[in-house]
Amino acid sequence: FVKDLTEDTQATQWTFGKNRNQSAKWSPNGDSIAFLSNRTGSMQLFLMSEKGGEARQLTFFENGVSNFIWSPDGEKIAISLSLKEDQTIQDLEKKEKKKDEEQAKEVTALVVEQMKYKSDGEGFWKGTYKHIGVLDVATGEVEQLTTGKTDLHLQSWSPDGKYIAVAGDLSEDRDDSFLMDVFLLEVDTKELHKKTNSNGFFGSVTWSPNGRYLAMTGHNREFENATLTKLWIYDLEENSHTCLTNEWDVIVGDYTIGDFQQGVANVGVLWANDNHSFYFQATDNGNTALYYGNLDGEIYPALLDNQHIYGVTIDGDDLAVLAISKPDHPGDLYSLKVTTGELKRLTNVNEKVLEEISLSPVESFWFESEGGLTVQGWLMFPTNFNNENKYPLLLEVHGGPHAMYGNTYMHEFQTLAAEGYAVLFTNPRGSHGYGQEFVNAVRGDYGGNDYNDLMNAVDFALEKFSLIDKERMGVTGGSYGGFMTNWIVGHTDRFKAAVTQRSISNWISFYGVSDIGYYFTEWQIQSDLSDIHTLWKHSPLAYVDQMKTPLLILHSEKDYRCPIEQAEQLFIALKRQKKKTKFLRFPEANHELSRSGHPKLRLERLNAITEWFNEYV
């Protein structure tokens with residue numbers, strides 16, 4: 001969609017059909033838009049005039065294109081694509097031109113020699129590495145800039161056109177390395193110049209307009225994957241790398257969970273034209289807000305409200321365009337005059353749908369949990385509720401565990417509210433948005449005080465909201481939320497029904513079957529296969545004897561994050577003991593089913609959840 005910000009006009013749709021079109025970026029002079037589309041079978045780069053018309057396909061690579069950035073003069077586009085160690089870009093172009101029958105692959109064994117050999121959403125490693133090429137927009141010719149046995153990720157192009165900022169890990173031992181360094185790739189010589197010290201995880205690199213500073217986000221992994229992301233500045237003249245948010249106990253970036261917004265990009269730090277100030281997103285207390293900062297270390301909110309800012313761009317001076325969602329508002333674009341705070345709505349893309357349905361409101365609350373810790377929660381009221389009536393309650397548990405529920409639209413919650421349920425969601429310890437100590441508190445304590453936080457949230461809601469029927473409650477969650485759903489039904493009978501999604505049931509087998517199993521288990525459970533007792537103690541499967549709650553198990557066939565064998569073990573263990581359970585397996589779906597899966601399967605999943613709760617709650 002395209003909208004003229006200078007006039008009160010309707011947004012105009014430019015692409016149509018059932019294909020996915022994403023990552024649109026204006027050319028520097030504003031006369032065309034480049035975007036990625038899978039309309040030819042794989043993600044390729046297309047170009048469309050600002051006047052509209054047919055899009056022109058720019059790339060024809062076998063494995064497609066995963067990312068791109070414009071050169072400052074608009075004559076070239078840097079692209080990211082996958083190459084085998086001995087392949088060149090020209091090899092991929094030649095293979096793409098072969099007939100389909102000549103591309104058929106012979107059945108052969110997959111040779112595995114490293115632990116990181118699969119990834120959820122991408123499947124098994126095909127021996128390819130992510131490399132950088134530069135495409136000439138006029139001629140279509142592509143020059144390869146990087147080679148070797150490493151992955152390099154596009155970040156941004158320097159204002160003078162001489163360098164491309166990239167991020168990558170050049171460690172020889174990929175299995176035991178969890179670093180991400182920032183490099184400057186010299187376009188003419190193809191040389192890499194490292195700018196970070198191989199002791200952390202950095203990315204989202206953007207250049208100041210004068211080319212002197214690199215802004216980036218990252219951390220030094222002090223708490224492994226539970227470490228708060230911070231904002232850093234690299235001064236290319238002084239060769240200094242400084243953290244501007246070191247004393248700020250807030251995570252930089254957008255960590256609010258949503259299941260409705262598609263193709264959301266991490267924009268990093270957006271520089272103002274003065275080369276001194278900038279804007280960025282940060283996640284705090286259930287909100288993702290827009291913040292202002294500068295090189296002097298000043299940081300304060302530019303727009304802070306009970307909302308989720310999931311997209312942002314600026315003109316370099318006083319105008320920002322934001323994508324904003326709230327619990328009862330799926331999302332639209334707004335313009336913000338930063339100096340005055342004037343916010344103006346630009347789009348109303350869900351207007352027709354919202355005229356036909358009612359969305360439920362939510363109420364935020366705080367309660368005290370174990371150890372005096374204060375925890376935030378929300379209750380979404382049943383659609384068109386009446387305070388004189390009693391309604392069943394559903395507890396929702398998010399994944400991660402290092403993520404955050406917040407003030408954003410959740411289609412699943414609204415669907416359940418429309419079925420007559422009150423929906424309780426909360427951020428137990430381990431969630432982002434409440435500081436470093438809070439997010440780190442779950443590590444080594446899965447099923448401990450995080451479980452107590454959830455049960456205390458239920459108790460608080462029952463006391464605060466008289467409309468809840470305490471005799472009719474259910475629980476559901478996915479990933480870590482699925483683990484916790486399994487854990488809950490193994491430790492209490494207070495819920496009438498449960499739905500576990502893409503869950504973990506057995507940490508012992510998870511260690512070896514998940515794409516992140518061995519290191520995630522060590523980081524989070526703080527144990528490994530040398531201590532089977534600890535892994536089993538934290539495994540819901542160990543408590544199947546105590547599970548009496550009717551349990552629906554939902555899992556995707558191609559989930560490599562929490563492989564489907566986790567669900568299989570739980571299902572067989574329950575059935576063997578004649579417990580009430582049912583198992584739904586979703587074909588060709590991965591760990592992201594609820595957020596970005598096939599629409600038909602997403603609907604089937606929602607219907608299965610509501611039908612189970614309607615029957616047993």
Side-chain angles (χ1 to χ4, degrees), residues 365 367-371 373 375 377-379 390-399 401 405 416 421-431 441-442 445-465 468-507 525 536-554 566-567 569-571 573-582 609 612-617:
F365 58 86
F367 63 94
E368 185 174 309
S369 191
E370 305 302 313
L373 197 67
V375 178
W378 292 261
L379 187 83
K390 292 284 188 178
Y391 298 89
L393 176 75
L394 298 182
L395 170 65
E396 288 267 6
V397 189
H398 69 62
Y405 279 145
L416 294 170
Y421 295 97
V423 181
L424 172 65
F425 52 107
T426 185
N427 288 321
R429 65 194 72 200
S431 304
V442 73
D445 190 37
Y446 273 47
N449 278 329
D450 52 350
Y451 167 77
N452 290 330
D453 291 343
L454 292 167
M455 295 304 99
N456 289 336
V458 173
D459 292 337
F460 183 88
L462 290 174
E463 181 177 346
K464 179 177 177 62
F465 302 101
I468 298 174
D469 184 349
K470 66 179 181 179
E471 302 300 327
R472 300 178 61 206
M473 299 192 299
V475 59
T476 185
S479 197
Y480 164 80
F483 157 82
M484 187 52 70
T485 298
N486 298 339
W487 186 268
I488 287 171
V489 298
H491 288 77
T492 180
D493 298 332
R494 69 188 306 183
F495 297 96
K496 296 295 184 183
V499 180
T500 183
Q501 308 170 57
R502 58 190 185 279
S503 72
I504 296 172
S505 65
N506 183 351
W507 287 104
I525 306 302
W536 188 242
K537 181 182 72 172
H538 289 282
S539 297
L541 197 64
Y543 307 95
V544 167
D545 287 352
Q546 300 167 207
M547 295 183 184
K548 300 176 183 178
T549 308
L551 181 64
L552 175 64
I553 303 171
L554 307 181
Q566 293 286 305
Q569 292 187 65
L570 181 59
F571 175 71
L574 289 168
K575 290 296 288 186
R576 187 60 176 164
Q577 296 190 22
K578 309 301 182 184
K579 305 292 179 70
K580 187 63 183 180
T581 186
K582 185 165 66 173
I609 293 170
W612 188 262
F613 284 134
N614 287 346
E615 181 175 358
Y616 291 103
V617 173

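Below, each value reflects all heavy atoms present in this structure, side chains not excepted, and no hydrogens, waters or symmetry copies. Start at 1 with the first residue, then count along the sequence. Quick caveat, the model's predicted, so the values are computed rather than measured.
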K.L.:
How long is the gap from OG on S505 to CD on Q566, to the nearest 0.5 Å?
P.N.:
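Between S505 OG and Q566 CD, I get 4.5 Å after rounding to 0.5 Å.
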K.L.:
With sequence neighbours excluded, tell me which residues meet side chain to side chain contact (heavy atoms under 4.5 Å, CB included) with S539.
P.N.:
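For S539 the side chain to side chain contact (heavy atoms under 4.5 Å, CB included) partners, ignoring immediate neighbours, are N506, W507, W536.
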K.L.:
Taking the six-membered ring for Trp, are Y480 and Y446 closer than 6.0 Å centroid to centroid?
P.N.:
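Close enough - the centres of the two rings lie under 6.0 Å apart.
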K.L.:
Are E368 and L373 packed together at the side-chain level, in the sense that at least one heavy-atom pair is separated by less than 4.5 angstrom?
P.N.:
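They are not in side-chain contact.
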K.L.:
Taking only residues two or more places apart in sequence or in another chain, which ones pass ring-ring contact (aromatic ring centres under 6.0 Å, His included) with F495?
P.N.:
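Checked F495 against ring-ring contact (aromatic ring centres under 6.0 Å, His included); zero matches.
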K.L.:
Under the side chain to side chain contact (heavy atoms under 4.5 Å, CB included) rule, collect the residues that match up with K575, sequence neighbours excluded.
P.N.:
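Per chain and number, K575 pairs via side chain to side chain contact (heavy atoms under 4.5 Å, CB included) with F571, T581.
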K.L.:
Where do H398 and P428 come nearest, in terms of heavy atoms and distance?
P.N.:
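Nearest heavy atoms, H398 then P428: NE2-CD, 4.2 Å.
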K.L.:
Hey, what do you get for CH2 (W378) to CZ (F425), rounding to the nearest 0.5 Å?
P.N.:
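Going from the CH2 atom of W378 to the CZ atom of F425 covers 6.5 Å.
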K.L.:
Check for a donor-acceptor pair, side chain of K579 on one end and backbone N or O of P550 on the other, with a separation under 3.5 Å.
P.N.:
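Not a single qualifying donor-acceptor pair exists.
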K.L.:
So W487 and H491, would you call those rings parallel, tilted or perpendicular, with 30° and 60° as cut-offs?
P.N.:
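The rings of W487 and H491 lie parallel, inter-plane angle below 30°.
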K.L.:
Under the side chain to side chain contact (heavy atoms under 4.5 Å, CB included) test, which residues partner S369, sequence neighbours left out?
P.N.:
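Side chain to side chain contact (heavy atoms under 4.5 Å, CB included) check on S369 returns F367, V375, R429, D453, N456.
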K.L.:
Looking at side-chain heavy atoms only, is the closest gap between K580 and L574 below 4.5 Å?
P.N.:
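K580 does not reach L574 side chain to side chain.
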K.L.:
Quick one: pull up CD1 in I553 and CD in Q501 and give me the separation to the nearest 0.5 Å.
P.N.:
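Output value for this atom pair is 11.5 Å.
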K.L.:
Please lay out, stage by stage, how L462 and M473 fare under the test side-chain contact (heavy atoms from CB on, under 4.5 Å).
P.N.:
CA-CA 11 Å; L462 290 174; M473 299 192 299; 4.2 Å; yes
K.L.:
Compare all side-chain heavy atoms of L394 with those of T476 and state whether any distance is below 4.5 angstrom.
P.N.:
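Result no, sub-4.5 Å side-chain heavy-atom pair not found.
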K.L.:
Which pair of non-hydrogen atoms, one from F613 and one from V499, has the smallest distance, and what is that distance?
P.N.:
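Of all heavy-atom pairs spanning F613 and V499, the closest is CZ-CG2, 3.6 Å.
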K.L.:
Give me the atom names and distance for the closest heavy-atom approach of A461 to I468.
P.N.:
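Result for this residue pair: O-CD1, 3.7 Å.
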K.L.:
Can you name the residues that form a salt bridge (Lys or Arg N to Asp or Glu O under 4.0 Å) with K582, not counting sequence neighbours?
P.N.:
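Listed in chain order: nothing, the list is empty.
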K.L.:
Partners of Y421 by ring-ring contact (aromatic ring centres under 6.0 Å, His included), sequence neighbours excluded?
P.N.:
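Listed in chain order: nothing, the list is empty.
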K.L.:
Taking the side chain as every heavy atom from C-beta outward, state whether V458 and R494 have any atom pair closer than 4.5 Å.
P.N.:
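V458 reaches R494 side chain to side chain.
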K.L.:
Would you indicate whether the side-chain heavy atoms of F483 and P540 approach each other to under 4.5 Å?
P.N.:
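Yes - at least one pair of side-chain heavy atoms lies under 4.5 Å apart.
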K.L.:
Partners of D450 by salt bridge (Lys or Arg N to Asp or Glu O under 4.0 Å), sequence neighbours excluded?
P.N.:
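Here no residue qualifies.
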K.L.:
List the residues meeting side-chain hydrogen bond (donor to acceptor under 3.5 Å, both in side chains) with D545, not counting sequence neighbours, and say none if there are none.
P.N.:
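Per chain and number, D545 pairs via side-chain hydrogen bond (donor to acceptor under 3.5 Å, both in side chains) with Q577.
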K.L.:
Does the Q546 side chain pair with the main chain of G490, one donor and one acceptor, at a distance under 3.5 Å?
P.N.:
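Between the backbone of G490 and the side chain of Q546 there is a qualifying donor-acceptor contact (under 3.5 Å).
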K.L.:
Could you state the interatomic distance from CD1 (I504) to CD (Q569), rounded to the nearest 0.5 Å?
P.N.:
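One finds 12.0 Å between CD1 of I504 and CD of Q569.
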K.L.:
Applying salt bridge (Lys or Arg N to Asp or Glu O under 4.0 Å), name anything that partners D469, two or more places apart in sequence or on another chain.
P.N.:
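For D469, no residue satisfies salt bridge (Lys or Arg N to Asp or Glu O under 4.0 Å) once neighbours in sequence are set aside.
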K.L.:
I'd like to check K390 versus R472 (side-chain heavy atoms, cut-off strictly below 4.5 Å). Are they in contact?
P.N.:
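No - every pair of side-chain heavy atoms lies 4.5 Å or more apart.
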K.L.:
Do you know the tightest heavy-atom contact between G377 and T426?
P.N.:
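Residues G377 and T426, closest heavy atoms: CA-OG1, 3.7 Å.
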K.L.:
So which atom in V617 and which in A497 form the shortest heavy-atom distance, rounded to 0.1 Å?
P.N.:
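Nearest heavy atoms, V617 then A497: CG2-CB, 3.7 Å.
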K.L.:
Report the C-alpha distance between T549 and I488 in whole Å, list the side-chain angles of each, state the deciding distance to 0.1 Å, and finish with yes or no for side-chain contact (heavy atoms from CB on, under 4.5 Å).
P.N.:
CA-CA 10 Å; T549 308; I488 287 171; over 6 Å; no
K.L.:
Using modelled atom types and a 3.5 Å cut-off, is there a donor and acceptor pairing between side-chain atoms of S479 and backbone atoms of G399?
P.N.:
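Not a single qualifying donor-acceptor pair exists.
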K.L.:
For H538, give me all partners under ring-ring contact (aromatic ring centres under 6.0 Å, His included), at least two apart in sequence or on another chain.
P.N.:
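With sequence neighbours excluded, H538 shows a ring-ring contact (aromatic ring centres under 6.0 Å, His included) to no residue whatsoever.
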K.L.:
Could you work out, with side chain to side chain contact (heavy atoms under 4.5 Å, CB included) as the rule, every residue matching S503, not counting sequence neighbours?
P.N.:
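Expected list: N486, T500.
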K.L.:
In sequence, state the C-alpha distance, the side-chain angles, and the governing distance for L379 and K464, and then conclude on side-chain contact (heavy atoms from CB on, under 4.5 Å).
P.N.:
CA-CA 10 Å; L379 187 83; K464 179 177 177 62; over 6 Å; no
K.L.:
With a 4.5 Å limit on heavy-atom distance, are the side chains of Y451 and T492 in contact?
P.N.:
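In short, these two side chains touch, coming nearer than 4.5 Å.
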K.L.:
List the steps, then state whether side-chain contact (heavy atoms from CB on, under 4.5 Å) holds for Y616 with K496.
P.N.:
CA-CA 6 Å; Y616 291 103; K496 296 295 184 183; 5.6 Å; no
K.L.:
Give, for atom CG of L393 and atom CG of L416, the distance between the pair rounded to the nearest 0.5 Å.
P.N.:
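Result: 11.0 Å between the selected atoms.
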K.L.:
Under the ring-ring contact (aromatic ring centres under 6.0 Å, His included) rule, collect the residues that match up with F465, sequence neighbours excluded.
P.N.:
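F465 satisfies ring-ring contact (aromatic ring centres under 6.0 Å, His included) with F365, F381 only.
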K.L.:
Working to the nearest 0.5 Å, report the span between CG of L454 and CG of N427.
P.N.:
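Output value for this atom pair is 10.0 Å.
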K.L.:
Determine whether E396 and V423 make a side-chain contact, defined as any pair of heavy atoms from C-beta on separated by less than 4.5 Å.
P.N.:
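Yes, their side chains come closer than 4.5 Å.
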